[in-house]
Amino acid sequence: MPKDKFFKVIANKEHPGEKLVPTHCSYCGMQCGMNLRVDTGTNKIIGVEPRYDWPVTLGKMCPKGVTAYQQTNHDDRLMKPLIRNDRSLRGTKEGFREATWEEAYDLIVRKFQEMQQSYGRDSLSVFSGVSMTNEKCYLTGKFARVGLQTRYIDYNGRFCMSSAAAGFLRTFGIDRGSTIPWTDLHETDCLFIAGSNTAECHPTSMFRIWEVQNRGGYLIVADPRETPIARRADVHLDLRPGTDLALANCMVHLLIKGGYTDERFVAEHTNGYEELAELVKEFTPEYTSEITGVAPEKLIRAAEIYGKAPNAVVMFARGIEQQHKGSDNVSAYTNMCLVTGKIGRPKAGVATFTGQGNGQGGREHGQKADALPGYRKITNPKHVEDVSKVWGIKPEEMPQPGVSAYEMFGLMKEKTIRGLYLLCSNPAVSAPNLNEVRSALMSLDFMVCSDIFLSESAEYADVVLPSTTWSEDEGTVTNLEGRIIKINKAQEPIGESKPDWLMQVELAERLGRGQYFRHLTSARAINDEFRLASKGGYADYYGATWEKIEEQQGVFWPCKDDADKGTPHMFLDKKFYHPDTKAKLCALPYRPPAEEPCDDYPLRLTTGRVVYHYLSGNQTRRIPFLHAMCPEPFVEVHPETAGKYGIEHEEIVKLATRRGTANFKVKMTEAIRPDTVFVPYHFGHDESVNLLTIAALDPMSRMPEFKVCAVQIHKTVHANKKQQSQSEAVIR
Amino acid sequence: MKQHLYIEMDNCIGCRSCLAACTQCGGHDERNRNYVYDVNPLVNRQTIPLMCLHCVNPACARSCPAQAIQVTPEGAVLSALVEKCIGCQNCTIACPYGIPKFDHEQNLMYKCDLCYDRTKDGIPPMCASVCPTNTLQWLTEDELKQKQEQHQLGHWTASRMPFDPLEGETNVKISLPGILQGKQKLF
C-alpha cells in the first residue's frame, strides 16, 4: 500500500525480556494496529506498544485500545466451565459450580438431543456476535446449520450493521461498508457525516477528518447532539432523532434544484431517477425544517457545500441505521453520492462506520438468519447448492431461513425455541426492550453461554463455557474499510479457556456430526475451508490468503484468486452489482419514528456510546482506567428542559417509557436538543437504558429502533419526599 | 535531531487516550502524569490537554531546595529523584501550570518526563504516539516551523514570540485554539 502524508518510519521501543506481537485491537471496526508486549519469561501479555507502521491508524489508539490488553489476564476471566446447579437463581451470578469440559459437554449434548428429539431440530437456537474472527463467524453458521441442524441462527449484527447492509444491497447490489480505503478520507474535499459520534465511537478516524478542514475542506455533521465532531463542523445539522429520511430527501431536493447533479452519470449508471426526483420535490428546506427542526439556511448551506465539492464522502453510522427505517436512511443518504456522481473514484464515495470489530466480515459469512458464506442467500437454490458442496451435505439438508435476533426472543417466549447457544454477545444488555428479552431468556429450557467474562447474559445460562480473548487465538477480521486483516496470537489461552471454534468442533463430534468438522483442527484450516465457501459469492475471499494479508498489509475484498490483489476502491469501472450493472436510486417516502412524543411521553430518548466503553460494557467496565473515567450511565438533559422539570445537574431522575423505567444521574449540557435526552447503553442490570428502548423493527433489516422513542422524565428526590410524607402521614 | 512535543488545542476530543497511554510508558509505574480538562462541561464538549511544557528554565526545578529535579540535555524536566526528594512540595506550588503530582505514600513528586526512555532514542512519547486526533504531535524543528507559518492567527504560547501570553521559553510548543481562523477554503 502507498504510504500517506501521516506515515513516519518509527522504530518501536524495545523492552528487554519482552517480544512484540503485531495485531489489532479487540474492539471496534477501526481495528487499530497495535503491538502486544509479551514477557518472554512468563509468555504473558503485559502491555501495549503502538504499531506505527499500520497504514490505517499509524500507532494511534483510543483509551479502549490502549488498555485492551488488560482483558487477557484479568482476574474476572472465566477459567473453567460452569454448570448451574440451582435453576431458581437464573438471572443472577449465583448458583454455578465449576465443572470439567467433559461434564459440560455431556450435559449440553444430552440436553440438546433431548430437546431436539422432543420438539424438533428447530427447538435449538444460536445467537452469536461479530466481535470474533471471520473463521469463527463462518464456523458458527456452519455449526448451526450442519452441527445442530437448526434454522434458528442470528447474531448481534442485527443490532449494529444490518440496516447498512440492507440499504447498500438495495442500492448497489453489494454490501461493502466503505467504497474507498480510509487512507483516502483526509484527501477528500467534503465529509458529510450523519448519525456518527465519530470522536467517541471511532476516534482514530479523527486525525484524517480534521485534516480535511486543515486543507480548507468542509465538514458537515448531522446529529441531535453537539458531539465533539459536530462542535467543529462547518455546518451542524442538529436534527430531531428519527428524522434523517426527511433530511436526506431534502439534500437530494436541493442538489437537484442547485444543478449539482451529474446527468451523464445518472443516465448511464443508475435507475430510478425520475421517481426519486418526483418524491423529493416535496422536501423543500421549509417543509424539511418542520420535520427535522433544522434551520432552512443550514440545510441549504450543507447541500451547497456537498454539491460544489469536487470530491466528497457521505458517511453514517448507527444514528441513522438504528431506526425502524434505517435501511431507507442508508439508501436515501447514498442517493446523494449517486445523483452527483461522487462515487466510483478515489476520494469520493460512501462509507458506514462499522461498529463491531468484525461487523463487516461477520455479516458476510453465514451467521445471519438468511445468509450463507460469501454473502449468499439461503433462499437461493444455487447458493445453497454451492455451499452444501463445500460442507459435504445434501442441498435438501440445508435448514430453512430463521428469524432475526430480536424475533428469536419472541419465539423463546412462545416456546418455539427452547434451547439457546449464545456466544460472543450480551443481549441481556444490548437488545432493545430488555424486560421482554430477559423474560424470554428466563423461559428457556436450557441455555449455554460462551464468553470470556460472566456477562449479564451468562447469568441466565445453565452452562457457561470459558472462551478465549482475541489475543489468545488467531484468524482474520474485516475492518470498516472492507480490508481483511490478521489477528495474531500473543499468548496461550488462560486457564482452561478454549477458542469458540474448538468448542464447536468438539461439540459436533459429540453430537454425532464430527465428519463435517473434525478436519478443522486449526484456525488456519477453517480459513482454507471458509475462503473456498466464499468463492464465487459477492463477498469473495478466496484469494485473501494469510500470506497475502501479511505481505500487503491487508486485502480488500472482493479478492477472487491468487493473482487478485483485492479491491481497495469499489465501482471504479462504474459497474454496480445489480444484473444491469446500474445502481438503484431509491425514492423513499418519509415516515416518522414508530413512537413520537405525546402529552404523556413528551421527550425523545436517544442512546449511544461514550469513548470509554464498548457495546454492552462486558469488557470495558472491567478495565480500571475505563471504569474510572465512566463508572455509570447518565442522562444528558438540556438546561432549558431541566429548568422546566426543576431538575439539577447530577440529580438522580427516573426515565420512563411504555416499556420500562430506569434511574440515571443528570448530566446537564447545552450540547443536546432541548426536546431530546441521551443515555449511553453500556451498562447492565438496572442501569440498562435498553429497559426503555423500543423494538420497532425495520421491515428490511430487522434492526430495532434503538435511536428514538418517547420518554417521560421524573424527579426522584421529589417523589421520595412525597412518598416519605405520605408514609409519615400513615404512621401518624 | 531535536524534536518537540507540539499541542494543537483545537483538535482535542477529550478521549483521554493520552492519559491511558501515559500509564503504559515503561518508566511511569502505570500512573498517568498528564491532564485533560473539560473547559465548560455544562455548555459544550470542548476539552483541552494539559501537559508538562518542559520549561527551559523550569520553576519546579528552580524551587527545589534539594536539586532533586533534573533537566536532561534534550530539555526534558524529569520526576524528582527518589534519593534526593525531601517531599516539600515546593515544585507543585511553583509550577504555573499545576503539573507535578505528589505521592503521599512515597513522599515523592512525580511528573511527565516526556517518556525520556523513549524520546532519548527518537521514539515519540506515548501520549503523542496514540493521540487519535493529532492534538499531540512529536515534530522535528522543520515541521514545527511549518506549523508556525500555517497558523498565522493561532497565537503561540511560551515561545518568545511577540504575543507571548505566558512567561518563559518552553520546549513543548502550543498552538492556541484558532488554527482554522483565516483558513483559505478550497472552494
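Numbers restart at 1 for each chain; the letters A, B, ... are given by sequence-line order, proteins then strands.
With salt bridges taken as basic N to acidic carboxylate O contacts below 4.0 Å, none links A/R208 and A/D184. Of the charged side-chain nitrogens involved, none lies within less than 4.0 Å of a carboxylate oxygen, so that A/D4 and A/K347 do not count as a salt-bridged pair. With respect to the salt-bridge test (charged N to carboxylate O, under 4.0 angstrom), the residues A/R301 and A/E304 qualify.
Contact annotation for B/D121: only side-chain heavy atoms (C-beta onward) come within less than 4.5 Å of a heavy atom of chain A. Proximity to chain A (any heavy atom under 4.5 Å) is restricted, for B/L180, to the side chain, taken from C-beta onward. With a 4.5 Å cut-off on non-hydrogen atoms, B/N40 does not touch chain A at all. For A/I305, the parts sitting under 4.5 Å from any heavy atom of chain B are the backbone and the side chain alike. Using a 4.5 Å cut-off between heavy atoms, A/E636 touches chain B through its side chain atoms alone. Proximity to chain A (any heavy atom under 4.5 Å) is restricted, for B/K183, to the side chain, taken from C-beta onward. Only the side chain of A/M629 comes within contact range of chain B, judged by heavy atoms closer than 4.5 Å. Looking at B/Q24, the atoms closer than 4.5 Å to chain A (heavy atoms on both sides) sit in the backbone and in the side chain alike. Proximity to chain B involves both the backbone and the side chain of A/A199, based on heavy atoms less than 4.5 angstrom apart. Using a 4.5 Å cut-off between heavy atoms, B/E143 touches chain A through its side chain atoms alone.
Chain B forms the most heavy-atom pairs under 4.5 Å with one residue out of A/A671, A/S205, A/P63, and that residue is A/P63. Of the listed residues A/V48, A/I209, A/T67, the one with more heavy-atom pairs under 4.5 angstrom with chain B than any other is A/V48. Contact count against chain B (heavy-atom pairs under 4.5 Å) is highest for A/Y52 among A/F6, A/Y52, A/Y69. Of the residues considered (A/R232, A/E211, A/R225), A/R232 shows the highest number of contacts with chain B, using heavy-atom pairs under 4.5 Å. Between chain A and the residues B/T135, B/T47, B/D117, the most heavy-atom pairs under 4.5 angstrom are made by B/D117. Chain B forms the most heavy-atom pairs under 4.5 Å with one residue out of A/M34, A/K308, A/K64, and that residue is A/K308. For the options B/A21, B/A128, B/C115, B/S129, heavy-atom pairs under 4.5 Å to chain A are most numerous at B/S129. In terms of heavy-atom pairs under 4.5 Å with chain A, the best-connected choice from B/L42, B/N134, B/I13 is B/L42. Residue with the most contacts toward chain B among A/H638, A/K8, A/K667, A/R37: A/K8 (heavy-atom pairs, distance under 4.5 Å).
Without hydrogens or angle criteria, A/R215 side chain to A/T188 main chain gives a donor-acceptor distance under 3.5 Å. Judged purely by atom type and a 3.5 angstrom limit, B/N34 uses its side chain to pair as donor or acceptor with the backbone of B/C18. Side chain of A/H202 to backbone of A/M30: no donor-acceptor contact under 3.5 angstrom is found. A donor-acceptor contact shorter than 3.5 Å is absent between the side chain of A/K13 and the backbone of B/P124.
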* To do: For salt bridge (Lys or Arg N to Asp or Glu O under 4.0 Å), just list the numbers for A/D39 and A/K19, CA-CA rounded to whole Å, side-chain angles, deciding distance to a tenth of an Å, and then say yes or no.
  => CA-CA 7 Å; A/D39 184 314; A/K19 65 173 180 182; over 6 Å; no
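Just one of A/E670, A/E200, A/E226 meets the salt bridge (Lys or Arg N to Asp or Glu O under 4.0 Å) condition when paired with B/R45; it is A/E200.
Looking at every heavy atom in both residues, A/W182 comes nearest to A/L480 through CZ2-CD1, 3.3 Å.
Residues B/H28 and B/R33 meet the side-chain proximity criterion, which asks for heavy atoms closer than 4.5 Å. Looking only at side-chain heavy atoms (C-beta outward), A/L191 and A/I220 stay at 4.5 Å or farther from each other.
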